[in-house]
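Just so you know, ligand 1 is whichever comes first in the structure, and atom 1 is the first atom listed for that ligand. On a predicted model such as this, the values are computed, not experimentally measured, just so you know. Residue numbers count from 1 along this sequence.
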Amino acid sequence: MKAIRVHTPGGIEALSYEDIPDPSPAPNEVLVRTEAAGVNYIDTYQRTGRYPVEPPFTLGMEGAGVVVEVGSEVTALEAGDRVAHGTEIGSYAELQAVAADRLVRVPEALDTRTAAAVMLQGCTAHYLTTSSFPLRAGHTALVHAGAGGAGRLIIQMAKKAGAEVITTVGTPAKAEVAAAVGADHVINYTEEDFLPKVRELTDGTGVDVVYDGVGQATFDRGLDCLKPRGYMVLFGAASGPVPPMDPQVLNQKGSLFLARPSLGHHLITSEEFAWRTSSVLGWVADGSLELKIHGEYALADAAQAHTDLEGRATTGKLLLIP
Ligand code: NDP
């Protein structure tokens, strides 16, 4: 089969499109013919080695497709079922062996490309807004990079919960994208300092929570946007990792809370996995969660997809089609 492999971590030149043997499923696994693989920032961290993975490896944490074979212990799925996942590495490939309990059935109403587009960022937006800081009416949230794949979904789930949403974006076109999914206030942070604007929009009190997937460029000033006892939920590093910090800063800035969560720790039990995946896929199916596919790329063009994502050139989801 064809796959995108990494032998030596690095830039986009580390992405190698090559033939490797077809995988066969272990007893608890299912062999999936990938119809679409989602491109995520974590793929770039693994490609560069910022998140170390033992090489050589097949990239990709998200995908959807059709079951072609099941392992000897798998009873819940059979050949022909349409399935999706968002936590198992190896989706940049024509075939992937995935643990059966990490797969969800794709609802009738959805195609597999749509399911592949929402699993990882959708479940992330779900845990951020329900578990890292459970939003409700009366809360105000600051969401960075609101036109991005995760950002658009966080805004929509925050609005579903009844919160007021302030978001930052890098261009006027992205401001339109973020406003279209319901952000109450959009700040172009390449033209305007977001800190005084957030203070002004909250009458000087600050926000209850900052959801920050941008990292280095926004983290420090984000702390200053928070109310006393507010929550900084740092969930990514699109602009680079946040340097080590002194916990005393959290005291000085208002007894703040800092969380650095990841998706895998929010899909641990089968109940939690079913809750998040069925909520997210169900909302897409009933039209209450709107997806935006920025682009579909041939599997062989994974390097172009990474270039576009890292170059701040995208709004919404990027898919690779094997
Ligand atoms: P996005 O589509 O949001 O792309 C990243 C965006 O970050 C860019 O479009 C850009 O938006 C903004 N950005 C700001 N500064 C920079 C910079 N210097 N370089 C590149 N981008 C920059 O990506 P994703 O939705 O895939 O991911 C967003 C974040 O969420 C990532 O940090 C990712 O790691 C994190 N994430 C974390 C998960 C978790 O469980 N912890 C799971 C999923 C995602 P703009 O131009 O508007 O500033």
**Within 6.0 angstrom of Glu108 CD, more than 12 heavy atoms from elsewhere** = no

**Request:** Looking only at protein heavy atoms, identify the closest one to atom 3 (O) of ligand 1 and say how far it is in Å.
**Result:** Gly148 CA, 3.4 Å

**Message:** Heavy atoms only, cut-off 4.0 Å: how does Thr124 contact ligand 1, side chain, backbone, both, or neither?
**Reply:** side chain

**Prompt:** Looking only at protein heavy atoms, which one is nearest to atom 19 (N) of ligand 1, and how far off is it?
**Reply:** Ala238 O, 3.2 Å

**Request:** May I ask you to check whether Thr314 and Asp308 show a side-chain donor-acceptor distance below 3.5 Å?
**Result:** no

**Message:** For Ala237, state whether at least one heavy atom is located under 4.0 Å from any atom of ligand 1.
**Reply:** yes

**Complete:** Among Gly149, Ala147, Gly170, Ala259, the residue with a heavy atom nearest to atom 47 (O) of ligand 1 is Gly170

**Item:** Donor + acceptor pair across side chains of Asn188, Lys197 (<3.5 Å)
**Value:** no

**Request:** Would you mind running through ligand 1 and noting each atom that sits below 4.0 Å from a heavy atom of Tyr127?
**Result:** 39 (C), 40 (O), 41 (N)

**Message:** Considering non-hydrogen atoms of the protein only, which is the closest contact for atom 6 (C) of ligand 1, and what is the distance?
**Reply:** Ala145 CB, 4.0 Å

**Prompt:** At a 4.0 Å cut-off, with the gap strictly under it, does some heavy atom of Pro261 reach an atom of ligand 1?
**Reply:** yes

**Request:** Quick one: look up the protein heavy atom nearest atom 32 (O) of ligand 1 and list residue, atom name and how far away it is.
**Result:** Gly213 O, 2.6 Å

**Message:** Can you confirm whether or not the ring centre of Phe194 sits under 6.0 Å from the ring centre of His144?
**Reply:** yes

**Request:** Under 4.0 Å, heavy atoms only, figure out whether ligand 1 is touched by the backbone of Leu120, its side chain, both or neither.
**Result:** side chain

**Message:** Evaluate Val39 for polar contact with ligand 1, using N/O atom pairs at a separation under 3.5 Å.
**Reply:** no

**Request:** May I ask whether Val165 and Val210 are part of the same hydrophobic cluster, defined by side-chain heavy atoms of I, L, V, M, F, W, Y residues being less than 4.5 angstrom apart, directly or through others?
**Result:** no

**Message:** Just checking Arg33: does its CZ atom have more than 12 heavy atoms from other residues, nucleotides or ligands closer to it than 6.0 angstrom?
**Reply:** no

**Prompt:** Which of the atoms in ligand 1, numbered in the order shown and given with their element, are less than 4.0 Å from a heavy-atom of Ala150?
**Reply:** 25 (O)

**Message:** Counting non-hydrogen protein atoms only, what is the nearest one to atom 11 (O) of ligand 1? Give residue, atom name and distance.
**Reply:** Lys174 NZ, 3.4 Å

**For atom 24 (P) of ligand 1, the protein heavy atom that lies nearest, with its residue and separation** = Gln121 NE2, 3.5 Å

**Asked** Can an N or O of Asn40 be found at a distance shorter than 3.5 Å from an N or O of ligand 1?
**Response** no

**Request:** Verify whether one side chain among Thr112 and Arg82 offers a donor that lies under 3.5 Å from an acceptor in the other.
**Result:** no

**Message:** What I want to check is whether the side chains of Ser288 and Asp286 have a donor and an acceptor closer together than 3.5 Å.
**Reply:** yes

**Request:** Look at the side-chain heavy atoms of Ile, Leu, Val, Met, Phe, Trp and Tyr, link any pair under 4.5 Å apart, and say whether Tyr45 and Leu15 land in one connected group.
**Result:** yes

**Message:** Less than 3.5 Å apart, any donor N or O on the side chain of Ser131 or Arg276 sitting next to an acceptor on the other?
**Reply:** yes

**Prompt:** How about Arg47 and His306: does a side-chain donor come under 3.5 Å of a side-chain acceptor?
**Reply:** yes

**Request:** List the closest protein heavy-atom neighbour of atom 20 (C) of ligand 1: residue, atom name, distance to the nearest 0.1 Å.
**Result:** Tyr41 OH, 3.2 Å

**Request:** Could you tell me whether Ser262 and ligand 1 have an N or O pair separated by under 3.5 Å?
**Result:** no

**Asked** Side chains of His7 and Glu18: do they bring a donor and an acceptor to under 3.5 Å?
**Response** yes

**Prompt:** Among protein heavy atoms, which sits nearest to atom 30 (O) of ligand 1, and what does the distance come to when rounded to 0.1 Å?
**Reply:** Phe235 CE1, 3.1 Å

**Request:** Check ligand 1 against Leu263 and write out every atom of the ligand that is under 4.0 Å from a heavy-atom position of the residue.
**Result:** 40 (O)

**Prompt:** Can an N or O of Tyr45 be found at a distance shorter than 3.5 Å from an N or O of ligand 1?
**Reply:** yes

